[in-house]
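Whatever order the structure lists ligands and atoms in, that order sets their numbers, starting from 1.
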Amino acid sequence: MTMKTKITKTKIAGIEFGSFVCNASGPNDSTLEELEAIVNSASSAIIFKSCTIEPRKGNDEPRYVRLPYGSIQSMGLPNLGYKEYIKFASQLRKHDKPIVASIAGLCIDDYVKMVRAFQDSDVDLIEVNLSCPNLEGKSQVGYDFRQTEEILRRIIGLGDKLVGLKLPPYYEPVHNQKMAKLVEKYKVSFITCINSVGNTLVIDPELEAPVIKPKRGFGGLCGEYIKPIALANVRVFYELLKDKVSIFGVGGVGSGVDAFEFLLAGADVVQVATTFEKEGASCFERINRELEGILQRKGYNSVQEVKGKLKY
Ligand code: RRO
């Protein structure tokens, strides 16, 4: 058993993760009770729901709908406000798992204020969400390279804790290249690829209406549908940044095979959102166990041996 956990042991920005699989900022990670369920699961980290300065109820319901191969959602950043997550970090510190805050500003000053506050907290890593697609009237920051640079200029170097970026999917390599240049210039420590595929529309033909209510039905697509997009983004960033920057892969991880594919593409850890929402916290143990089985069958002794080693 100890041998088994060792084989998928990994690191993000020098911080040790006991396995290759953890939760993603997203479902079931807003309240202390939900976070405690993650603590008690096999998730190798405790990642918080993206927070804002003030608490938010989020968008109107229905705002999360399961689909045959994933989900569409427009949650609208429901969260308890950043001060609660700073308290949760101190309460959860005693558990031996990395804690990752996720912050989502509504303006640049919000990002600065929250990064500053989490620099002075018990979290291990700060994931800066540049890619929420579900705020009415606001575009995803990660598609605006100038605004992204302004944010980076103001949030990097505010403390010793390492900062990463949660990125939207890119579809043109030139956009990955632009982002990779900023990541290098500002010494970003990790990236998380990808957030949901924003502004998609799912229609119920019986009702002749969108399946979710906010933003006239346009929301973030998640799960299996987006895995090839996520893999491509992990791969392109891995090739651009190699071992200078750690990569969380996220988007459609529901099995050990999926996790193995992300590992081949260059991920250091995979995050699980849609499958966690559907299956509950037991998914982390199952997916990591399936990954261990694949690695053992193929004769690998560590994830490091496989990372990025996609064959051509
Ligand atoms: O809360 C949301 O609607 C949400 C966020 Br913050 C995000 O980053 N990505 C997403 O798909 N939904």
Side-chain angles (χ1 to χ4, degrees), residues 22-31 34-35 47-67 69-82 84-85 100-107 110-111 114-115 118 126-144 147-148 151 164-170 179 190-202 210-227 229-230 233 248-253 271-278:
C22 68
N23 76 300
S25 183
N28 305 338
D29 55 0
S30 299
T31 65
E34 289 172 330
L35 292 166
I47 304 192
F48 295 169
K49 172 68 184 170
S50 292
C51 63
T52 47
I53 300 279
E54 299 298 334
R56 288 171 59 90
K57 285 205 171 72
N59 292 337
D60 288 345
E61 295 185 355
R63 60 188 189 182
Y64 190 108
V65 171
R66 289 183 189 165
L67 302 171
Y69 300 100
S71 61
I72 184 172
Q73 50 72 33
S74 181
M75 302 303 290
L77 263 165
N79 78 94
L80 304 172
Y82 80 105
E84 282 300 295
Y85 296 98
V100 185
S102 171
I103 65 161
L106 303 179
C107 64
D110 288 2
Y111 281 104
M114 287 190 280
V115 170
F118 279 106
I126 303 171
E127 187 179 83
V128 175
N129 186 350
L130 298 183
S131 45
C132 175
N134 297 331
L135 298 174
E136 190 91 51
K138 276 198 187 300
S139 349
Q140 293 162 83
V141 179
Y143 289 134
D144 180 339
Q147 205 187 349
T148 297
I151 291 174
L165 301 179
K166 183 151 181 184
L167 299 172
Y170 298 105
M179 184 52 72
F190 66 93
I191 56 173
T192 304
C193 303
I194 57 174
N195 209 319
S196 62
V197 172
N199 302 300
T200 64
L201 180 63
V202 174
V211 298
I212 56 169
K213 184 173 176 193
K215 279 182 73 179
R216 294 170 67 78
F218 288 80
L221 190 67
C222 306
E224 276 183 64
Y225 298 106
I226 72 168
K227 190 179 78 171
I229 305 170
N233 274 267
F248 279 113
V250 54
V253 177
Q271 299 178 354
V272 182
T274 306
T275 296
F276 177 29
E277 192 282 327
K278 195 169 165 198

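Annotation: Gln147, atom CD; neighbour count of heavy atoms from other residues, nucleotides and ligands within 6.0 Å is above 12. Sparse packing is recorded around OH of Tyr69, with 12 or fewer heavy atoms of other residues, nucleotides or ligands lying under 6.0 Å away.
For the pair Val197 and Tyr225, the minimum side-chain heavy-atom distance is 4.5 Å or more.
Residues Asn59 and Lys215 bring no donor and acceptor atom of their side chains to less than 3.5 Å of each other. In summary, the side chains of Asn79 and Ser50 do not present any donor paired with an acceptor at a separation below 3.5 Å, with no hydrogens or angles considered.
Listed by chain and residue number, nothing satisfies the side chain to side chain donor-acceptor pair (under 3.5 Å) test with Ser30 (two or more places apart in sequence, or in another chain).
Contact residues for ligand 1 (protein heavy atom closer than 4.0 angstrom to any ligand atom): Lys49, Gln73, Met75, Gly76, Leu77, Pro78, Asn129, Cys132, Pro133, Asn134, Asn195, Ser196.
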